[in-house]
Amino acid sequence: MKAIRVSEYGGPSVLKLEDVPTPQPGPGQVLVRNHAVGVNPVDTYLRANVDNRGPKLPYTPGSDCAGVVEGVGADVKSVKPGDRVYVGGTVSGAYAGQAVANEAQVHPLAPNVSFAQGAAMNVPYATAYHALFNRGRGEAGETLLVHGASGGVGVGAVQLARARGMTVIGTAGTEKGRRLVLEQGAHHALDHTAANYLDEITRLTGGKGVDIILEMLANVNLAKDFGVLAMRGRVVVIGNRGAIEWNPRAAMNKDADVRGMSLNHATPRELAGIHAALVEGLRNGTLRPVIGQELPLGQAARSHEAVMEPGHHGKIVLIP
Ligand code: NAP
């Protein structure tokens with residue numbers, strides 16, 4: 001089969017399309033023929049070995065894909081060959097024609113959902129769900145700011161929050177992005193490149209501020225988030241690309257929480273709950289991943305450039 005292989009850490013050009021043996025499912029494992037593969041910012045960090053977190057070399061990148069079950073190992077009960085599935089985490093790597101995953105990583109994909117949308121589920125939507133409900137304790141009736149709502153995680157968060165009955169404010173850096181954020185269910189969209197754009201939140205919330213902020217770029221926004229947070233509000237740090245100097249008095253003054261989250265730390269029980277909610281959300285149509293670009297698998301390098309460009313909007317997927 002064709003697969004993208006990384007034999008040295010570095011820029012996008014280290015992603016090479018190669019012929020490799022098709023992996024075989026062991027006990028408790030599932031072989032999936034991929035029809036689409038999700039590209040996430042974390043794939044670029046691992047490729048570049050940021051913070052020495054890169055996988056052992058050589059490796060096939062990617063955790064997210066969707067396709068049709070081709071084979072199952074002993075003891076697999078929840079899926080069978082021919083089933084449409086999306087995959088969240090793999091054993092063999094997702095940037096490939098086929099991938100082996102553990103049974104718990106394989107989830108049913110409703111017939112109304114495309115494979116590209118299935119490949120857009122795992123990291124973006126599971127992160128959005130875990131941040132909003134497990135870490136942020138978001139509840140119906142609360143007001144949410146999705147600070148960076150036009151990307152994969154942000155669109156997921158907007159849809160999940162709206163379906164739960166929250167009031168949603170989202171930000172994006174372009175007109176197209178703000179239109180997308182409104183189309184996906186946000187009540188209001190703001191421009192995070194405009195001067196004093198957060199002042200508008202005071203007006204939108206009648207001076208109270210927002211109960212929760214899902215923060216996609218904490219090194220840029222964390223300090224100013226406290227200016228628009230309600231008393232006893234929570235900021236969930238999802239994305240961060242640098243260090244800042246910040247006065248903790250801002251948290252003290254509002255009994256506010258800053259809560260970090262990494263999807264990697266979700267427990268098996270939390271992951272089972274997250275995916276049960278996502279499978280049902282896809283089935284009933286409240287979750288509708290937005291695909292921004294589809295590229296052939298051989299253009300994985302281009303996809304890694306694109307996923308780090310501002311204003312790309314919607315999910316980037318590779319088609320094997
Ligand atoms: P993405 O699709 O590339 O989206 C990035 C988002 O950030 C876009 O909405 C972008 O808006 C927005 N943004 C750009 N400048 C901003 C600013 N100054 N203030 C607020 N938002 C800004 O990425 P993603 O997949 O949604 O992931 C978002 C971040 O979360 C990434 O840093 C990713 O690494 C991280 N992440 C963390 C976890 C975890 O477990 N903690 C899991 C998944 C992702 P415009 O392009 O419209 O300007």
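Note that ligands are numbered from 1 as they come in the structure, with each ligand's atoms numbered from 1 the same way.
Judged purely by atom type and a 3.5 angstrom limit, Gln293 has no side-chain atom pairing as donor or acceptor with the backbone of Ile316. Side-chain atoms of Arg135 come within 3.5 Å of backbone N or O of Gly260 as a donor-acceptor pair.
Listed by chain and number, residues touching ligand 1 at under 4.0 Å (heavy atoms only) are Pro41, Tyr45, Val123, Thr127, His147, Gly148, Ala149, Ser150, Gly151, Gly152, Val153, Ala172, Gly173, His192, Met216, Leu217, Val220, Asn221, Ile238, Gly239, Arg241, Met261, Ser262, Leu263, Val307, Pro310, Gly311, His312, His313.
Asn247 places none of its side-chain heavy atoms less than 4.5 Å from the side chain of Phe226.
Interatomic distance, CG of Leu204 versus CG of Leu190, reported as 6.0 Å (0.5 Å rounding). In this structure, CZ on Arg234 lies 6.0 Å from CZ on Arg259, to the nearest 0.5 angstrom.
Using a 30° and 60° split on the angle between ring planes, Tyr86 and His275 fall in the tilted class, from 30° to 60°.
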